[in-house]
Amino acid sequence: MRFGIFYEISVPRPWEDDIEHTVYHRCLEQVRVADEVGFHSVWAVEHHFLEEYSHCSAPELFLTACAMQTKQIRVGHGIVVCVPQFNHPIRAAERAAVLDILSDGRLEFGTGRSATWTELGGMDANPDETKETWDEYTRTIPQMWTNERYGYEGRAFRMPTRAVLPKPYQKPHPPMWVAVSSPGTETDAAERGMGSLGLTFGGFAEQEQKVNAYRRRIQDCEPVGAFVNENVATVNFLYCHPDNEVGVQTGSRLTGSFAYLAALLLPVREVHPTRSYPNPGLLAASRQQAAQNPGEGASAPEGVCIGNPDRLIEEIKKWEACGVDQINFLLNALETIPQEQVLDSLRLFGEEVMPHFRDDAAPAAAERELAGAAGSGD
Amino acid sequence: MPISGTAELVPLLPYAPQLANLETEALELPNVQVLQVIYETDDRNMAEHLPPALHPTIPPTMHVIGWRAEDGPLGAFTLAMVRVGCRAAVRPRGLPTRVVCTEGAAAEALRERWGFPVTVGDAVLRERYDRVSIEVNDGGASVLAAQMIDPIPIGNGDLLYTAGMHLATVEREGETKPWLVQVDAEFQVSRADRGQSRIDAFDDAFWSAANLRPNYPIVASYTTANVTLPRIRYICDPEQPAFVGTVAL
């Protein structure tokens, strides 16, 4: 089991002069502490226009700062939006390669397609087409990384043969992941030999089903990259405190705030009916959780990592038993928890919870290299 | 903190009905044609259209809805409705500002049993091969003209209709006061199309939605559905956040 931290970068109103500066620098301080404590990775989303919920529109810049201020922690794009109106695939490949170089090979590359009209509408992107464009990006970006020159003629984009530069520091390329928010997307990840980067807050039974489906399907995958990244990561909340009641109460404020903010956004499915988005995804799951815990109640939902170290160890053991390889934690929303408490929570987690879990640097199941899988470009 | 509605209740009430009780039974309307045209709206006054119980969506939205019922327990009628898209705590909802219905008996039932802010008027839903429109005229002037253009078939399960929060004065437990009545109608869809949204005329004053300005089209849908108007299960105090002001009946 490995542990990561996961950033939406939630900024509360009122947006006074320096609030975004303050929040960003608090996040960087948390990342430095997480690195010292021994967290495996820091992930940052790419979101646009999501007021208060996420002000993280340029994650590659934030992650570059993270890499410059840390030694060990890996930096994860969680995720790059693979839709032309957001990111041209060549630019996505180039930026990722630079980040991999600057971080001395610590990049994890997540892919996805956005789930809100707030974003897709804002970028004038067609929700019907995002699954197709995401698929093309996942197949072409590793080719850009691993071939000296590459050319492509597709539906989302085309390019005459060019050298996409620089190349990533990790060889053959960084591990690739897929954001999994809708049921069934875990098998999309498995089909392509990519890691499953879970972004919803399901229970143990649901997660175990997903993991089993993923493990079965990935055995027969057609990898889009040069190797298979067989890993299942889930997202969770973290607030660790010596007193369980305080931990649960404080953590419940975090989960409630996060879910409340998510609910105000417009999922694609609510306003733009399409088969491309059969489920509201992250937002619906968040709402559901908030509905179960609307106020400041002191009960922790199943699997949520808030409370004292003993409770967290117990919950994480259950996730481990479900087959989860990594848990990525959200630490704050709306600055609900004061910075010192967030830092104390990270330190306590590192001292009293992490030692109960083995951090496999290279999990046995993961990253099966496929010699010669990186073929030549079209 | 999230933006909440700031509207005073009195300006929202001119078409709000008075409900003698909340003991409504469910009622199915068969084979209703349902047009829904969704637009983003001007964000500058998005909180002004909602009571404090509700939050505007990000971005703010409005729903123009047309129903045409050709038979059923309320008889044949056509209805046009304008709603403000919103959230009650974490739940997706729409607040109707005014409804126009062509038939008095249907209007009375909708008003008195489910709290639709409905008046009798001139509404026409028209279906052509390349578009479906809803139009409302008042005193010879067009106060609403909205369309779905260039329909394409979609799956019956692709649609998501959000529940209404109907502001009504309710007699309850010896007290008469405004409540938001949750009307979570069920739609059993047998045919569905999706197309472009277009609003050609919208008189915000007529629709009791001053300064509600549609400014960016999202999408429109047109379905045939059996619509079940539900038994009322929840009401919400319009002046408190929904997560503390909601009452289960």
Side-chain angles (χ1 to χ4, degrees), chain A residues 10-15 47-54 116-122 124 126-128 255-280 283-297 333-336, chain B residues 1-4 36-40 43 46-47 50 54-63 85-94 148 151-163 187 189 192-197 215-223 241-246:
Chain A
S10 165
V11 179
R13 285 192 172 87
W15 295 332
H47 278 316
H48 305 269
F49 320 122
L50 304 190
E51 303 176 13
E52 296 192 287
Y53 176 83
S54 173
T116 68
W117 172 260
T118 314
E119 293 169 281
L120 292 167
D124 197 23
N126 183 348
D128 291 339
T255 61
S257 299
F258 176 82
Y260 213 95
L261 289 176
L264 303 186
L265 310 172
L266 271 184
V268 169
R269 183 165 161 72
E270 184 178 330
V271 293
H272 192 290
T274 170
R275 285 189 181 161
S276 184
Y277 287 89
N279 297 285
L283 309 180
S286 304
R287 280 183 200 141
Q288 189 177 4
Q289 186 163 50
Q292 290 164 353
N293 190 16
E296 296 190 0
L334 284 179
E335 297 299 282
T336 302
Chain B
M1 292 302 291
I3 297 168
S4 297
Q36 181 166 264
V37 177
I38 303 181
Y39 257 67
E40 294 188 17
D43 67 301
M46 59 184 174
L50 298 169
L54 304 176
H55 302 285
T57 55
I58 306 295
T61 49
M62 65 181 284
H63 314 147
C86 60
R87 298 287 184 259
V90 297
R91 305 291 183 192
R93 298 286 182 258
M148 177 189 75
I152 56 169
I154 58 172
N156 295 341
D158 291 343
L159 277 150
L160 185 70
Y161 288 111
T162 55
F187 294 77
V189 175
D193 289 328
R194 191 193 76 199
Q196 299 163 39
S197 286
N215 67 4
Y216 192 86
I218 300 181
V219 83
S221 61
Y222 183 57
T223 63
F243 68 88
V244 293
T246 298

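Per chain, numbering begins at 1; letters A, B, ... match sequence-line order. Predicted model only: the values in this text are computed from it and were never measured. Values below: all heavy atoms of this structure, side chains included; hydrogens, waters and symmetry mates excluded.
Between Arg87(B) and Leu265(A), the closest heavy-atom pair is NH2-O, 2.8 Å. The shortest non-hydrogen separation linking Trp117(A) to Pro217(B) is CZ2-O, 4.3 Å. The minimum heavy-atom distance linking Asp124(A) with Tyr216(B) is given by the pair OD1-OH, 3.7 Å.
Neither the backbone nor the side chain of Tyr161(B) comes within contact range of chain A, judged by heavy atoms closer than 4.5 Å. Of the two parts of Ser197(B), neither the backbone nor the side chain holds a non-hydrogen atom closer than 4.5 Å to a non-hydrogen atom of chain A. In this structure, no portion of Pro60(B) lies under 4.5 Å from any heavy atom of chain A. Residue Thr57(B) touches chain A through both its backbone and its side chain, counting heavy-atom pairs closer than 4.5 Å.
At a threshold of 4.5 Å between non-hydrogen side-chain atoms, the residues Leu266(A) and Glu40(B) do not count as touching.
Not a single side-chain hydrogen bond (donor to acceptor under 3.5 Å, both in side chains) links Asp43(B) to another residue, sequence neighbours left out. For Thr118(A), the side-chain hydrogen bond (donor to acceptor under 3.5 Å, both in side chains) test picks out no residue, with sequence neighbours left out.
Between chain A and the residues Ala192(B), Gly155(B), Cys86(B), Ala89(B), the most heavy-atom pairs under 4.5 angstrom are made by Ala89(B). Per-residue counts of heavy-atom pairs under 4.5 Å with chain A were compared for Val219(B), Val244(B), Thr61(B), Ile58(B); the largest is that of Ile58(B).
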Show the numbers, then the answer: is there a side-chain contact (heavy atoms from CB on, under 4.5 Å) between Ile38(B) and Glu270(A)?
CA-CA 10 Å; Ile38(B) 303 181; Glu270(A) 184 178 330; over 6 Å; no

Begin from the C-alpha positions of Glu52(A) and Ile3(B) and carry the test side-chain contact (heavy atoms from CB on, under 4.5 Å) through to its verdict.
CA-CA 10 Å; Glu52(A) 296 192 287; Ile3(B) 297 168; 5.7 Å; no

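Screening Asn156(B), Leu160(B), Leu159(B) for a side-chain contact (heavy atoms from CB on, under 4.5 Å) with Pro273(A), the sole residue that qualifies is Leu159(B).
The aromatic rings of His55(B) and Tyr260(A) sit perpendicular to each other, their planes meeting at more than 60°, with 30° as the lower class boundary.
Considering OG1 of Thr274(A) and CD1 of Ile152(B), their distance stands at 8.0 Å, rounded to 0.5 Å.
A distance-only check finds no donor-acceptor pair linking the side chain of Arg13(A) to the backbone of Pro2(B) [under 3.5 Å].
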